[in-house]
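Here the structure is laid out as structure tokens; the discussion comes afterwards.
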Amino acid sequence: MQRLLMTRRGALGMAAGAAAAVSSAPARAQAALEPRLVIITSFSRDVTTPFVQAFEQRHPGTKVEVQNRSTTAAVAFVRETRSSPPDLFWASAPDAFEVMKQGNLLARPQIDTAGIPATIGAQPTHDAEGRYFGFAVSGYGMMYNTRYLRANRLPVPKEWADLKNPAYQGHVGISSPSRSGTTHLTIETILQGEGWEPGWAQLLEIAGNFAQVSDRSFGVPDAVNSGQYGIGIVIDFFGFSAKASGFPVEFVYPTVTTLVPANIAMIEGSKSPNAARAFIQFLLSPAGQEVLLDPKVMRLPVRPETYAKAPAGFPNPFRDQSLGARVKFDNGVSEARYELLNSLFDRLITFRLRELTEAWKAVHAAEAALARSNSAQGRELLAQARARLTRVPVTEAQAADPAIAGAFQPARPDRPAGPRQAQLEEEWDRAAVAAYAEARQLAERAQRAS
Amino acid sequence: MSTTALPAATGRPWRARLRFDASPVQVAAALLVLAFLLAFLVVPVGRVFLAAFTDGEGRLTLVHFGDFFRTSLFRESFLNSLYVAGMSVAVASVLAVPLAVIVSRFRFPGAALVSTLGVLPLVMPPFVGAVAMQLVFGRNGSLNLLLMDWFGVRLELMDGLNGVVFVQALHYFPFILMNLSASLSNIDTAMEEAGQNLGARGFTLMRTIVLPLALPGYLAGASLVFVKVFDDLATPLLLNVTNMLAPQAYLRVTSVGLGDPMGYVIGVILVVVSILAMGGAALLLRGRDYSMQQRGGGGLGRREMSAGQRALAWAFVVPTLLLVLAPHIGIALLSLATVWSFSPLPDGYTLAHFSTVLRETPQFLTNTLLYCGLAGLIDVVLGVTIAWLVLRTRLPGRRVLDMLAMAALAVPGLVLGIGILRSYFGVQLPDGTALATSWIMLTIVYAVRRLPYALRAATAALQQVHRSLEEAAENMGAGKVTTLTHIVIPLMAGGLAAAFVTSFATAAVELSATLVLATRDVDAPLSYGIYVFMQSPAGRGAGAALGVIAVLTVAVCTFAANRLAERERRRRTRQQGTAP
Amino acid sequence: MSEPAGVAIEHVSFGYGATRVLDGVSLEIRKGEFFAFLGPSGSGKTTLLRLVAGFGTPDSGRILIGGRDATRQPPWARNVGLVFQNYALWPHMTVAENVAFGLQRRRVPRAERDRRVRAALDLVGLAHLMDRRPAQLSGGQQQRVAIARTLAIEPEVLLLDEPLSNLDAGLRAGVRAELVELQRRLGLTTILVTHDQEEANAAADRMAVLNDGKVLQVGRPAELYDRPASRFVAGFLGTANLIEGRVDGGAFQAGGARLPLPPGAASGPAVLALRPQALRLLREGDATLPARVLRAEFLGGHVRYILEAGEALTLVAEEPHLRGLDPLPPGAPVGVAIDASQATLLRA
């Protein structure tokens, strides 16, 4: 603890010094870029390479190094390397930035954001304190393989609820929110848009159709691209860039989505503050924004004027007001239950996918049987089965309760994970296994009763 | 009675027995090697064990293990890992045993084909193979699309744990094939003939003579497969199977952080199971290694096959070959494909992926050449030094070095990686980067992981150099160092070159430790590059192109190693033909 | 003594682990002498030779080469030439490179080195095979290269470790003679290790018989043959009748027979050593010792008879074979005449 405070104080001191230097000589800062800039990012090489190349062309004296990690791993990494951190953190999920801001891991560089609207959809574009900056917006939705849907005679989904259709059994894929910051946001958006318990009920029912819960967000577009399954729950640019690369895929935004800025932030204690600042500034400049329209990148710019250069059919949130307007995303709520949500999803869905899908399969079979006969007993049993399959063992209040959610703060070298987390996880796991087994039995009885 | 019989009790004086028989150079060499092994193997693994067995205040505790076994997910992962490793051995045996019997018991015209079969899977890193097999055998892979079209059936080969078993068995069966056919062909004809002479034939002969004599080879191969599969991280990860031990450890360490004790507990369990499996095989084999007792003879009598037998053999060999080739073909197609989506074959072909990876990231290839080349060199130097200390000096405790170096076999790359992270995260290089995630550490980890292979090769090579050749040099006035450089090393050259190439080639496709340690594109090796390139919504073509480059690199190296070993063997037999 | 010994071994003991291989060995090999260590395998003779070469340090005792204490000198500083049993030619070097190796270590200038390599190979008659590799030579040629390699460094002492054991039996006598001739010509102090008494007898000026890590007897070959100091030496050097019995009243009593004695024998239990050729067979006439033929072995030049005398005394006798003289059949009675001057009396 003592050591932690020391480093924190040291880092703050440095940041203050750096800020003073910038305000006194803004012109010189541009000239004196450090030779090395380290970016830690969850973006794939396809996204980072065009930006890095464009930036290096502009600033030949600076060599950019990209470290590729999933969002959650990147957060853990920055936390572990507090003594000599990377310079920039560049990722989609604003909640991850929020977590890092709370952890005093983000610096406050002076960035000129003129020409960029303060809000897009229902969301502020940048952090109010100026610790992270939106450079693009993303919505979440469904990516599907057109050949696959045609071959399997499946309808095109439009809304999240469509994915509950038993026809999609085994055709839907997602990545685990604990491994993918973007999926985490999608799940959080659904929960905020539909409400905690209805949201979980919907998720658990959709999960009944999951073919796979990948531990990498890229596993999902890969699988949809190659046709391992037909529909993936992904961030929009996965769909757009796959389509731009020639794959027979399409992407749709459901109404319950949110336009969330993808962000960049300078990390506290950066050894190359000038270069870091220059990179952020470049990203937000008109030239940097145009890179977003590269076929392999395909993300929605934050500058309205850039859309003029976009290909036909490219969504424009500044014109299409319905896009992402329905959900008012609450970062505070999201942050409070960040780790809990990840863990809960894994216990209920990721690690118990086989049990869950088997149970839903039984439910769907029973429903099909009941549609032909008309057995009251069968319907009653089926309702019970559904109730067991769609119940989340944690209430919204509990999920927000620091006494419970607090147990799920990530462990640190100086503070090992509490036993409370393990205990809760074990309880959920046991509850899930029991509920899915019961539901399956109930559904089978319902089918026999029909 | 007479002066001849010296009473046996007249032993050597104790003082002479305890004399310290070592020169300063030997002591210095041993200490350097020891320091290396301590710093990069013992300490990191020790830190993993320590973290697993201590609580937050540093007190010894078993509470984490209690937590592990109380958590049903971990219990299940543990059982899954055991299941996958065991089933992989079983499936690999189904492939390997018939092939071994065909080539070593019969005159089979396709024998060369079978020996190719034995090498092909090894040049394909299993995680690259996994991606390719997903495309060929996946639920909507080429095979299933065709089956669905023609027969309306689908084979769920790649689903869940069984997918891992399938990929691993196909990758690792050569270990069983090679070990088993080696021990089958070492069985002296005379033994079989003696059995026949005493009235055994057919199945009885097989059961009573051949199988017991072949058992050591089979067990050696099978235990190796078990351990490799049990420890593997990358394959389940790429197949999206997470409820196994190694993926759980990786996920815990990368998402929860280095402070999470569960990662370490899993690490300890991986190490312990590896040791148990290898130790168990060694125990079963104790006193059963007959290879030394069988001298002369031209191997097991190979007999002609009847037409029916030959047809049966071909019917087994050809489909197996196709199965083994499938990932190679798959990855080659993927690397050349424009778009490959829900169809048996790609829509079109292009070389763009190769030009992308060669233009944008030549450093992956050059880094691999640099790191793995250095690691191979370190291994050869360490291997020769340890072999020399063990075989040629009377340095006290020299066997400890050998044992330590060999212990690296039982340490999964993941565990070593985690241990290195924990031990060296705080250590900074002059440019401010952490030592643990620098390329230097990656090179060292490769070297430690491959040291057992190089050490075995160096030991074998040194054993081949007759002691008197060195003594002759010393007698002619050459000191120890001159003797080493002018006589010993030139004579070991062939064996050492093979050791270098083996270390190099296997390090080039090491992913478990790489995933934990490599963080920066600029100094990441090929294996990391493949992993990163595979993560793109715009298709896996570039990753596959890198994969093809890796496969070719490894294939060329393996071929070179085999050639070197072969030439060395020929040179030796020629020598033995004329000189005593 | 004005001139120091070629090699002096003083009270040397040596062992591995708990076993003692050499036990207080002392020997003096004169300058220019051809000396042999003779003993069965395991007697310690090769170990002793290796200690002289510097491969190992005695647990106690000293080794002096040309008067200087070499006990703790490493092998490469001793300037003694060792010819290995398996020749130990380096397979990756040519014949010339093998021979030049020791000269390079001694930093002999190139021209001088070439001259000496050629001279050494000329000496063994192999100069024409200079550029061959060892694997391309026959066993005898390899051995001569090994000797040339050793001679090229002009060693103070030449050590030969069973140099003939890897040669065909037909080659041995010739090579042995060449070796001896070479040694005489160079006047080189030489130690030969062998388990073959014929080899030692033929080559050595003097020899030491070793057994179980101890020197049993040192002397000229004929001296040792004629006057063995122990049963072991008597038995190891050629065939001998070693008869256990008692000296009693001026005669030797054994197995119910009375045998003649050399003069001056004290009474008590003893062993009488008799060479087979000291027993003369008398086909008729008055027998000193009546005996019966048990078995006859025809060996070409002579016939060996296994005889039984007295109640339980087995004797071996040899008699030159001449044409027309058929070996005696088993059971034939013979008389045995024993030349008392040829008998050696050993302590029991």
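A, B, ... follow the sequence lines: proteins, then strands. Residue 1 opens every chain. The figures that follow rest on heavy atoms only: side chains count, while hydrogens, waters and symmetry mates do not.
- Here C/Leu82 contributes atom CG and B/Glu471 contributes atom CD; the two are 7.5 Å apart, rounded to the nearest 0.5 Å.
- Residue B/Ala493 does not touch chain C at all, counting heavy-atom pairs closer than 4.5 Å.
- The closest donor-acceptor contact from the side chain of C/Trp90 to the backbone of B/Ile487 lies at 3.5 Å or more, if one exists at all.
- At least one side-chain heavy atom of C/Asn86 sits under 4.5 Å from a side-chain heavy atom of B/His466.
- Between B/Glu474 and C/Phe55, the closest side-chain pair of non-hydrogen atoms falls below 4.5 Å.
- Ranked by heavy-atom pairs shorter than 4.5 Å toward chain B, the options C/Ala88, C/Ala229, C/Ala152 are led by C/Ala88.
- With contacts defined as side-chain heavy-atom distances shorter than 4.5 Å, the pair C/Pro75/B/Asn475 does not qualify.
- Considering every non-hydrogen atom in both B/Met476 and C/Thr150, the closest pair reads CE-CA, 3.9 Å.
- Contact annotation: the side chain of C/Phe101 approaches that of B/His486 to within less than 4.5 Å [non-hydrogen atoms, C-beta and beyond].
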(request) Go through the steps to decide whether C/Trp76 and B/Lys480 satisfy the test side chain to side chain contact (heavy atoms under 4.5 Å, CB included), and finish with yes or no. (result) CA-CA 9 Å; C/Trp76 48 89; B/Lys480 294 270 180 207; 3.7 Å; yes
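- Residues of residues 102-110 of chain C that come closer than 4.5 Å to chain B, counting heavy atoms only, are C/Gly102, C/Arg105, C/Arg106, ordered by residue number.
- With a 4.5 angstrom heavy-atom cutoff, C/Arg149 touches chain B via backbone and side-chain atoms both.
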